[in-house]
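Below is one structure, written out as structure tokens; the observations come after it.
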Amino acid sequence: MELMMSTLDELLKNAYDAEGTIDTVNKFYVTLFRTNLFMPVKINQTNSSEKEPFTPLHIQQDEHFFVPVFDSLERLQCWAGEHQEKIDHVEITGEAALRGLGSKAYLCLNVGTPFYKEFSPEEIARLKITIAKMDKLRNSKNTE
């Protein structure tokens, strides 16, 4: 199944084509923060000792965790292939996905597509700083 280019694909392509100019990269990040992403997860049982309602599916290599997310349900289903019936998912904003990642996690956007993007722990840390600044601006506007 061939999927259409998504908004994030186009913005990522633009950022690469413009050799990472600040404007094109920022537009990609801001759109990522606002985009609803589909994250494959394991739903935690209500009677389990887990504090969270779900655990993201991930691949662990050494001490690093690779967490896949997709900008459409169709892309998640293509990635899951014949296992899609066994995989639960949650819909989460890019901002919330980034907030929830640990310091050794990589976020893997649209695995298996031509515009796959891997966010390193260092990049995620920088994005979390940006998100915190955005929170501060939102909070200052709400108190005015």
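FYI, the numbering just counts along the sequence from 1.
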Would you compute the distance between atom CE of Met4 and atom CD of Glu74 and round it to the nearest 0.5 angstrom?
12.0 Å
Sequence neighbours left out, cut at 3.5 Å: what donor-acceptor pairs do the side chains of residues 101-108 make with other protein atoms?
residue, atom, partner, partner atom, Å
Lys104, NZ, Glu63, OE1, 2.6

Rounded at 0.5 Å granularity, tell me how far CG in Leu76 sits from CD in Gln84.
8.5 Å
Beyond-backbone contact of Leu37 with Leu109, side-chain heavy atoms, under 4.5 angstrom
yes
Selection residues 109-121 - residue pairs positive for side chain to side chain donor-acceptor pair (under 3.5 Å), sequence neighbours left out
Asp71-Asn110, Tyr116-Glu118, Lys117-Glu123, Ser120-Glu122
ring-ring contact (aromatic ring centres under 6.0 Å, His included) filter on Phe70, not counting sequence neighbours, yields Trp79
Taking atom CZ of Arg99 and atom CZ of Phe33, what is their separation to the nearest 0.5 Å?
9.5 Å
Side-chain touch Leu127/Tyr29, heavy atoms, less than 4.5 angstrom:
yes
Verify the neighbour count for atom CD1 of Ile59: are there more than 12 heavy atoms of other residues, nucleotides or ligands below 6.0 Å?
no
Using a 3.5 Å distance criterion without hydrogens, assess whether the side chain of Asp9 forms a donor-acceptor pair with backbone atoms of Ser6.
yes
Between Phe38 and Ile87, is there a shared hydrophobic cluster once you connect ILVMFWY residues whose side-chain heavy atoms come closer than 4.5 Å?
yes
Can you tell me which residue pairs pass the salt bridge (Lys or Arg N to Asp or Glu O under 4.0 Å) test with a partner in residues 77-92, sequence neighbours excluded?
none
Would a single hydrophobic cluster contain both Val69 and Phe54, if residues Ile, Leu, Val, Met, Phe, Trp and Tyr are joined by side-chain heavy-atom contacts under 4.5 Å?
yes
Quick check: is Val25 connected to Met134 through a chain of hydrophobic side chains (ILVMFWY, heavy atoms under 4.5 Å apart)?
yes
Partners meeting side-chain contact (heavy atoms from CB on, under 4.5 Å) with Lys128 (sequence neighbours left out):
Ile124
Does the side chain of Ile131 come within less than 4.5 Å of Leu98's, by heavy atoms?
yes
Closest heavy-atom contact between Ala15 and Thr24?
CA-OG1, 3.4 Å
Among pairs that include at least one residue of residues 18-34, which meet salt bridge (Lys or Arg N to Asp or Glu O under 4.0 Å), considering only residues two or more places apart or in two chains?
none
Are the side chains of Glu95 and Asp135 in contact, using a 4.5 Å heavy-atom criterion?
yes
Look at the side-chain heavy atoms of Ile, Leu, Val, Met, Phe, Trp and Tyr, link any pair under 4.5 Å apart, and say whether Leu11 and Met5 land in one connected group.
yes
Starting at NZ of Lys13, measure out to CG of Leu8 and round the result to the nearest 0.5 Å.
15.0 Å
So do the side chains of Val111 and Phe66 get within less than 4.5 Å of each other, counting heavy atoms only?
no
Using 0.5 Å steps for rounding, measure from the OG1 atom of Thr31 to the CG atom of Asn26.
10.5 Å
Ring geometry between His58 and Phe65 (parallel below 30°, tilted from 30 to 60°, perpendicular above 60°)
perpendicular
